[in-house]
Amino acid sequence: MENIRDYLKNNVLLFDGAMGTYYDELTDDGIGCELANIKNPELIKGIHNEYIEAGAKAILTNTFSTGIDAFSGDRELQKKVIVAGIDIALEVAKSRAYVFADMASINADSNSAAFEEYKIIADIFLEKGINNFYFETRNSTIGLKAIGEYIKEKSPEAFITASFAVMPDGYSSEGYYYKTMFKEICESGFFDGVGLNCVSGANHMAKLLKDVDTEGLYLAAMPNAGYPIVRDNKIYYGSLANYFAAQIEDILDMGVNVVGGCCGTTPKHIELLKKSMSGMLIKPRKSVKKEKNISQKIRLNRFEQKLISGQKPIAVELDSPIDTNIAKFMDNAAKLKSAGADIVTIADNPIARARMDSCLLACKVRNELDFDVLPHMTCRDRNVNAAKGLLLGASAMGVDNVLVITGDPIPNAQRDEIRSVFEFNSVKFANFIKSLNDEVFESPMNICGALNVNAKNFSAELRKAKRKQENGVKVLFTQPVLTQRAIDNLKEARENLDVKIMGGIIPIVSERNARYMQSEVNGIYITDDIVEKYIGKEREEAEEIALSMSKEIANEIYDLVDGYYLITVLNRVNLMERLIKTVKEVCENK
């Protein structure tokens with residue numbers, strides 16, 4: 001066949017439609033379409049043939065779900081299924097259509113793990129003479145640049161496309177924005193094409209692709225046949241094939257080079273799409289830069305400005321109510337502001353127990369008290385849609401700071417009743433908010449994170465902090481500093497990180513309080529000699545010890561931090577007022 005790059009000079013490349021959903025329409029054998037490569041090969045041949053006869057000029061091998069997890073670690077079976085999928089596609093395609101390796105859906109949390117699995121699969125395709133690769137339905141760029149480089153080294157003539165699955169708002173299930181992922185692929189230098197497939201229908205996909213810049217790479221679009229509905233535990237796609245084909249015409253008008261169908265599409269969709277493309281000339285890419293709709297001036301972020309100017313702001317953490325009684329919280333927040341705190345931080349369901357929502361409460365404090373606020377947001381309780389919705393509302397209400405954390409685990413006794421979400425981790429969550437800053441927010445959110453200076457393996461904590469920094473975190477709030485080990489770790493963080501650091505200080509108020517934190521609060525390290533200081537002490541005497549220790553720590557870490565993070569214990573706001581004054585005196589005397 002004609003070289004694919006020569007073909008694309010004069011033609012739009014039409015791919016096939018869905019394999020998996022169409023296979024499910026034709027049979028309920030229960031073996032899954034990939035295993036059908038070896039158990040029902042004639043059906044797979046028939047599906048490939050139907051798509052080619054419908055007009056497809058390129059087909060994907062039936063190898064989407066062939067990561068090792070799909071075979072419970074059985075490498076022999078994995079290779080057998082992939083080789084069979086390649087042989088079937090080559091036999092059917094012959095000189096009628098280009099064959100693309102459908103690169104597997106894999107589970108991997110790191111670039112190295114993803115690369116190693118992709119490498120094993122890519123080698124099978126390369127050994128069989130396949131040089132066209134389609135990485136589809138990706139929700140991040142993990143592993144892609146490394147495998148792209150590997151394939152190009154092994155086969156310089158290889159044609160490689162990366163395609164991402166994003167929701168109609170442009171974000172993947174991992175919280176990555178499609179333009180950011182496109183940019184990474186374009187800048188890698190190892191890919192020939194980039195695009196979108198799955199999740200979104202043609203109408204929404206057209207809107208997403210309207211103003212993208214792919215920097216010379218071919219642009220691909222393979223939408224679903226609309227959006228699915230569920231009947232009797234089966235998924236159906238209700239979009240008519242003629243509607244799908246008509247919507248693709250809008251995509252072609254933008255100069256898209258590669259089109260096809262994903263979930264819910266059938267040979268009928270491809271047949272009608274082929275007819276609508278008949279006689280259509282290649283159109284130049286339309287790339288109109290979309291400017292953010294800024295209807296007002298960007299708000300001044302007072303907390304961020306104080307950090308930048310070296311003023312050493314004071315943040316105070318205050319727990320939100322466990323019920324609907326908000327009056328006391330608001331009164332306490334007002335007291336902290338009057339005492340000289342620069343910002344109040346509000347934890348998000350600490351210790352995985354429900355309290356009043358930190359973002360909603362932050363909006364109230366910000367607008368009623370004109371007090372800067374820093375709500376914590378955990379990755380534990382919300383998926384990407386819920387997180388985005390809450391952030392949009394908080395931003396509109398004047399909240400310009402957020403602290404992203406993983407969140408404490410659900411207690412064992414409650415795990416049957418309460419489910420954690422963990423669609424993000426703190427690094428991905430920070431990157432998600434960073435993309436909202438770039439694309440959505442009128443006033444950017446100051447992204448903060450946590451730094452555990454009490455970690456036993458602080459080198460690992462430092463590596464995580466660097467990843468947070470790379471993904472948009474500008475300020476790190478440390479766990480309470482109470483020991484020399486914590487101070488030493490803080491020094492190391494200061495030397496290795498390019499972020500602002502808020503040093504954590506917690507006033508221990510009693511022996512019981514000390515023992516509780518020592519035994520039950522994750523991330524706080526209290527030595528036995530600290531506990532002994534409180535044995536037999538009454539409340540007033542214990543508070544004096546707490547103030548004295550906190551002042552000593554504030555002095556010790558002054559040159560290592562950009563501000564102080566004071567943590568309220570047992571709602572003792574009067575003690576915090578005194579502590580704010582003490583810390584201010586430390587700063588004034590330096």
Side-chain angles (χ1 to χ4, degrees), residues 302-303 306 312-378 394 397-403 405 408 448 450 477-480 502-510 512-514 516-517 521 524 539-540 542-547 549-551 553-554 563-587:
R302 295 175 296 200
F303 171 62
K306 286 175 181 176
K312 290 202 189 299
I314 295 174
V316 182
E317 182 174 312
L318 194 59
D319 281 341
S320 57
I322 59 174
D323 52 27
T324 58
N325 184 5
I326 201 171
K328 185 174 182 180
F329 179 91
M330 294 299 289
D331 182 54
N332 285 338
K335 288 179 179 179
L336 294 174
K337 180 185 178 184
S338 296
D342 297 284
I343 190 168
V344 62
T345 83
I346 308 171
D348 185 12
N349 295 336
I351 322 181
R353 292 186 173 89
R355 287 179 173 267
M356 190 175 292
D357 186 87
S358 59
C359 283
L360 294 179
L361 194 52
C363 293
K364 185 176 179 67
V365 172
R366 176 68 177 81
N367 288 282
E368 292 188 13
L369 300 179
D370 190 28
F371 191 11
D372 286 330
V373 284
L374 177 68
H376 301 196
M377 286 188 71
T378 73
M397 294 300 291
V399 176
D400 291 330
N401 305 283
V402 64
L403 193 150
I405 53 175
D408 302 316
C448 306
F477 283 66
T478 81
Q479 291 282 22
M502 297 287 290
I505 296 177
I506 189 167
I508 300 168
V509 296
S510 66
R512 182 179 179 182
N513 177 229
Y516 170 76
M517 287 192 284
V521 181
I524 297 181
R539 174 167 177 158
E540 289 186 7
E543 287 192 356
E544 291 302 324
I545 294 172
L547 287 172
M549 284 180 55
S550 297
K551 182 177 181 179
I553 292 166
Y564 293 96
Y565 167 38
L566 313 182
I567 302 167
T568 306
V569 176
L570 300 176
N571 214 26
R572 294 196 188 180
V573 172
N574 291 339
L575 175 62
M576 300 311 292
E577 290 177 290
R578 296 175 64 194
L579 181 54
I580 292 168
K581 181 180 178 182
T582 297
V583 172
K584 281 185 170 294
E585 289 173 353
V586 168
C587 295

Problem - Closest heavy-atom pair and its distance - V583, A554 - result: CG2-CB, 4.5 Å

Handout entry: Value rounded to 0.5 Å, distance of SG in C363 from CD in E368
Key = 11.0 Å

Handout entry: C359 to D357 - nearest heavy-atom pair and separation
Key = N-OD2, 2.9 Å

Listed pairs under 3.5 Å, donor-acceptor, residues 332-345 side chains, sequence neighbours left out:
from: N332; atom 1: ND2; to: K328; atom 2: O; distance (Å): 3.4
from: K337; atom 1: NZ; to: L369; atom 2: O; distance (Å): 2.7
from: K337; atom 1: NZ; to: D370; atom 2: O; distance (Å): 3.3
from: S338; atom 1: OG; to: A334; atom 2: O; distance (Å): 3.1
from: D342; atom 1: OD1; to: K306; atom 2: NZ; distance (Å): 2.6
from: D342; atom 1: OD2; to: I314; atom 2: N; distance (Å): 2.7
from: T345; atom 1: OG1; to: H376; atom 2: NE2; distance (Å): 3.4

Problem - Polar side-chain atom of D331 near backbone of A327 as donor-acceptor pair, under 3.5 Å - result: no

When the side chains of residues 315-323 are checked against the rest of the protein, which donor-acceptor pairs come out under 3.5 Å, sequence neighbours left out?
from: E317; atom 1: OE1; to: Y565; atom 2: OH; distance (Å): 2.1
from: S320; atom 1: OG; to: M356; atom 2: O; distance (Å): 3.0
from: D323; atom 1: OD1; to: N325; atom 2: N; distance (Å): 2.9

Exercise for the section: List the atom of A542, the atom of V509, and the distance in Å for their closest heavy-atom pair. Expected result: CB-O, 3.2 Å

Exercise for the section: State, yes or no, whether a side-chain contact exists between R366 and D372 at a heavy-atom distance under 4.5 Å. Expected result: yes

Completion exercise
So the side-chain hydrogen bond (donor to acceptor under 3.5 Å, both in side chains) pairs with at least one residue in residues 571-583 (sequence neighbours excluded) are E543-R572, E544-R578

Problem - L361 CG to F329 CZ distance, which is reported to the nearest 0.5 Å - result: 4.0 Å

Completion exercise
dist I405:CD1 -> F477:CZ (nearest 0.5 Å) comes out at 11.5 Å

Handout entry: Shortest non-hydrogen separation from K312 to Y564 and the atoms involved
Key = CD-CE1, 4.3 Å

Completion exercise
With sequence neighbours left out, the residues meeting side-chain contact (heavy atoms from CB on, under 4.5 Å) with S358 are I346, D348, P375

Handout entry: Rounded distance (nearest 0.5 Å) linking atom CG of L575 with atom CG of L547
Key = 5.0 Å

Handout entry: Partner set under side chain to side chain donor-acceptor pair (under 3.5 Å) for N401, not counting sequence neighbours
Key = N301, N446

Handout entry: Smallest separation among heavy atoms of I508 and A514, with atom names
Key = CG2-CB, 3.6 Å

